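Comments concern the structure below.
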Amino acid sequence: MESSAASVVTADGADAESRKPQPSRFKGVVPQPNGRWGAQIYEKHRRVWLGTFNLEEQAALAYATAALRFRGRDAAANLRPPPPAADEHEFNFLNSHTKSEIVDMLRKHTYADELHYSRRTISTTDPTLDNNSPSIAATPAAPEHLFEKSVTPSDVGKLNRLVIPKQFAEKHFPLQIGGAGDAIKGVLLSFEDRSGKVWRFRYSYWNSSHSYVLTKGWNRFVKEKNLQAGDTVSFRRSGKRLYIDWKARRRSGPPVRTVRLFGVDILETAAVHGGGCGGKRVIGEMNGVGFGCGKKA
DNA sequence: ATGTGTGTTGAC
DNA sequence: TCAACACACATG
């Protein structure tokens, strides 16, 4: 359907993959050659790259979040259109992390999840590391809950990995860091599921993305349980035994979460049913727990 | 092969 | 401080 003579007759830029990027109406948002959107913020004459995003609004939200952390509440509130109001907890969350960490989350699209988890973890005195419970060793009784995660599209997608939020990874699944800092050897973790089946996952740290991940073996779990985005996986421990469980998201009824970016509602999960796990493209994914621990200056 | 995000420049 | 533009370099 190309116009015969005139090249691109986009009166309003209706073509999605036009070679010619259109400037964004959002501050800090720059078009990418492939039709996606980048976000960037400046600090001390230096550009800080905030990542690339499918949707312009996502990039805008990333910038707004960064602005909140870098420049404070007022600066962020003065954006047009005004970004979704951040509550007290979010301010807390932002200020309890370094700029670098926030940028890491934004670039990896994990900010929303990290914030989400932090809400559930408010001053939760985790008993796992507390005291030396003498009875555990001899009492296989009830495994204690470690943490759970609502899996993201990426977690059940082709990447074949589950990102473990940093706070949980470091608290419950400590890894040995290579002496040089580069070589971090992964470990093999075994988990028992509801039916008694044992699953072995390779657990390691991805330096490139600053993420703790379950890799090898994870995709088999996803397939067997037919895990879909929005479903929940939970981890328990009893002594040295590890357990994994999962729970499907409610099929009917309200979605797990609707992320509203400015005027745009974005569903975090695609309603895929029928056993297919091949989601094509998930729009607006502000998910993907992960977390960066890249704390630099 | 594709896409990221850095280098760079010139406006505001 | 900011974004437009080009493309070196990651990434798969």
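Chain A is the first sequence line, chain B the second, and so forth, proteins listed ahead of strands; every chain is numbered from 1. Bear in mind the structure is a predicted one, so any value in this text is a computation, not a measurement.
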Reckon Ser24(A) has a side-chain N or O less than 4.0 Å from the OP1 or OP2 of dA3(C)?
no
Rounded to the nearest Å, what distance is computed from the [atom1] atom of residue [X] to the [atom2] atom of nucleotide [N]?
{"X": "Trp37(A)", "N": "dC5(C)", "atom1": "CH2", "atom2": "P", "answer": "12 Å"}
{"X": "Asn34(A)", "N": "dG12(C)", "atom1": "CG", "atom2": "P", "answer": "15 Å"}
{"X": "Tyr42(A)", "N": "dT9(B)", "atom1": "OH", "atom2": "C1'", "answer": "11 Å"}
{"X": "Tyr63(A)", "N": "dA3(C)", "atom1": "OH", "atom2": "C1'", "answer": "11 Å"}
{"X": "Arg46(A)", "N": "dG5(B)", "atom1": "CZ", "atom2": "P", "answer": "18 Å"}
{"X": "Arg25(A)", "N": "dC2(C)", "atom1": "CZ", "atom2": "C1'", "answer": "19 Å"}
{"X": "His45(A)", "N": "dC2(C)", "atom1": "NE2", "atom2": "P", "answer": "10 Å"}
{"X": "Phe70(A)", "N": "dC2(C)", "atom1": "CZ", "atom2": "P", "answer": "12 Å"}

Let's see if you can work this out: which of [options] has an atom nearest to the side-chain heavy atoms of [X]?
{"X": "Val30(A)", "options": "dC7(C), dC2(C), dA4(C)", "answer": "dA4(C)"}
{"X": "Lys27(A)", "options": "dA4(C), dA3(C), dG5(B)", "answer": "dA3(C)"}
{"X": "Trp49(A)", "options": "dG5(B), dC2(C), dA4(C)", "answer": "dG5(B)"}

Quick one: the side chain of Gln32(A) and the base of dG5(B), do they pair up donor-acceptor inside 3.5 Å?
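Checked by distance alone, the answer is yes.
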Is a donor-acceptor contact shorter than 3.5 angstrom present between the side chain of Arg47(A) and the base of dG7(B)?
yes
DNA chain C: Pro23(A) or Lys44(A), which has the more 5' nearest nucleotide?
Lys44(A)
Both Glu43(A) and Pro31(A) contact DNA chain C. Which one's nearest nucleotide lies toward the 5' end?
Glu43(A)
Which pair of heavy atoms, one from Ala229(A) and one from Val156(A), lies closest together, and at what distance?
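For Ala229(A) versus Val156(A), the nearest heavy atoms are N-CG2, 3.7 Å.
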May I ask you to decide whether Lys149(A) forms a salt bridge with Asp231(A), counting only side-chain N to carboxylate O separations under 4.0 Å?
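Salt bridge absent between Lys149(A) and Asp231(A).
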Please tell me whether Phe53(A) and His109(A) form a close aromatic pair, meaning their ring centres lie under 6.0 Å apart.
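Yes; His109(A) has its ring centre under 6.0 Å from that of Phe53(A).
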Which part of the nucleic acid, if any, lies within contact of Arg107(A), taking any heavy atom under 4.0 Å across all strands shown: a base, the sugar-phosphate backbone alone, or nothing?
sugar-phosphate
More than 12 heavy atoms of other groups within 6.0 Å of Arg71(A) CZ:
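Buried by this count: over 12 neighbours within 6.0 Å.
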Can you find a pair of side-chain heavy atoms, one from Leu106(A) and one from Thr65(A), that are under 4.5 Å apart?
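Heavy-atom side-chain distance check passes, below 4.5 Å.
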